Amino acid sequence: MTENYFNYFTEIEDHFRQARGTGLFLLSPLDWALIEAWKNGGVPLEAVLRGIDSAFETWRKKPARARIHMVNSIAYCTQAISQEAQALADNAPVAKKEAAPPFSLDDVREFLARNAAALVKAGHQDIALTLEALDAEALYGDLEQFEQRLTAIEEKLIARLKSSATEEQLFEARRSLDLQLKPYRSKMSSEQLSMLEKQFLERRLLEAASLPRLSLFYL
């Protein structure tokens, strides 16, 4: 695992708030889905942080009349982040740094137990049993494999939620995404939009079912 791997979300959230310079600011569901899309797409944390800085630097150079409206979504930084990711990819690869996990084995066990209980409560006993069957102590030594196992379990859960969702629920989720994304759609490629829609819909399905994310990123 690379350094700060499991701090991906918090590092980006904190950096965006600092770049915005307005203190407390809550990211929207669109923002979280976009960050998750970057994480799943392998966009380096460094590229995201540098892209945020670049986007705000460009914004602050605009005339005052063009800065009447503050940047209210991380989606504004999408193009700059894509450029920084490409710049990093064009450079010689840097060896990955090994870092100590940002959580203890006991934290992981508690996280798994809490999520299993939530799954049982929601009627997904079979998935809860799969989660409980994971050997946390053995997998703790290889967090990348651990994360892959959890991702596979979560994908099974999401597939089940999608199959049971009504047409109206899916329509409302896509409608909500379209409304939030409208100001930023032109800044994204079709591939980015497709990935973002997937992450946004999955988040909405889990939230509607009051189910937790199973990834270690949410520990």
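Note that the coordinates shown come from a computational prediction; the quantities given were computed from them, not determined experimentally. Numbers here simply count residues along the sequence, with the first being 1.
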Suppose we screen for side chain to side chain donor-acceptor pair (under 3.5 Å). Which residues come up paired with Thr130, at least two apart in sequence or across chains?
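Residues passing side chain to side chain donor-acceptor pair (under 3.5 Å) with Thr130: none at all.
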
Looking only at non-hydrogen atoms, find the nearest pair between [X] and [Y] and report the distance.
X: Ala75; Y: Leu34; answer: CA-CD2, 3.5 Å
X: Ser54; Y: Glu84; answer: CB-OE2, 4.2 Å
X: Gln169; Y: Ala165; answer: OE1-CA, 3.3 Å

If you define the side chain from C-beta out and look only at heavy atoms, does anything of [X] sit under 4.5 Å from [Y]?
X: His15; Y: Asp53; result: yes
X: Leu196; Y: Leu30; result: yes
X: Leu193; Y: Leu181; result: yes
X: Leu119; Y: Leu157; result: yes
X: Glu13; Y: Asp31; result: no
X: Arg204; Y: Pro29; result: no
X: Phe103; Y: Phe111; result: no

Could you give me the CA-CA distance, side-chain angles and deciding distance for Arg109 and Glu137, then say whether salt bridge (Lys or Arg N to Asp or Glu O under 4.0 Å) is met?
CA-CA 9 Å; Arg109 285 172 170 156; Glu137 185 172 0; 3.5 Å; yes

Pair Arg149 + Asp135, salt bridge at N-O below 4.0 Å:
no

Drop me the distance from Asn115's CG to Leu211's CG, to the nearest 0.5 angstrom.
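Going from the CG atom of Asn115 to the CG atom of Leu211 covers 9.5 Å.
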
Just verifying a value: how many Å separate Leu214 CG and Glu155 CD, rounded to the nearest 0.5 Å?
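These two atoms lie 10.5 Å from each other.
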
For the residue pair Tyr8 and Phe217, does the interplanar ring angle fall in the parallel (under 30°), tilted (30 to 60°) or perpendicular (over 60°) class?
perpendicular

Between Phe16 and Phe56, is the ring centroid distance below 6.0 Å?
yes

List the steps and the verdict of side-chain hydrogen bond (donor to acceptor under 3.5 Å, both in side chains) for Gln18 and Asp14.
CA-CA 6 Å; Gln18 290 171 11; Asp14 290 344; 5.8 Å; no

For Ser215 and Glu147: C-alpha separation, side-chain torsions, deciding distance, then whether side-chain hydrogen bond (donor to acceptor under 3.5 Å, both in side chains) applies.
CA-CA 6 Å; Ser215 167; Glu147 180 65 16; 2.5 Å; yes

Can you list the steps and then say if Ser176 with Gln180 is a side-chain hydrogen bond (donor to acceptor under 3.5 Å, both in side chains)?
CA-CA 6 Å; Ser176 176; Gln180 293 185 54; 3.3 Å; yes

In the single-linkage hydrophobic clustering (I, L, V, M, F, W, Y; side-chain heavy atoms under 4.5 Å), do Ile127 and Val108 co-cluster?
yes

Give me each pair satisfying salt bridge (charged side-chain N to carboxylate O under 4.0 Å, His left out) with a member in residues 209-219, each pair once, sequence neighbours excluded.
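The answer is Glu36-Arg213, Glu154-Arg213.
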
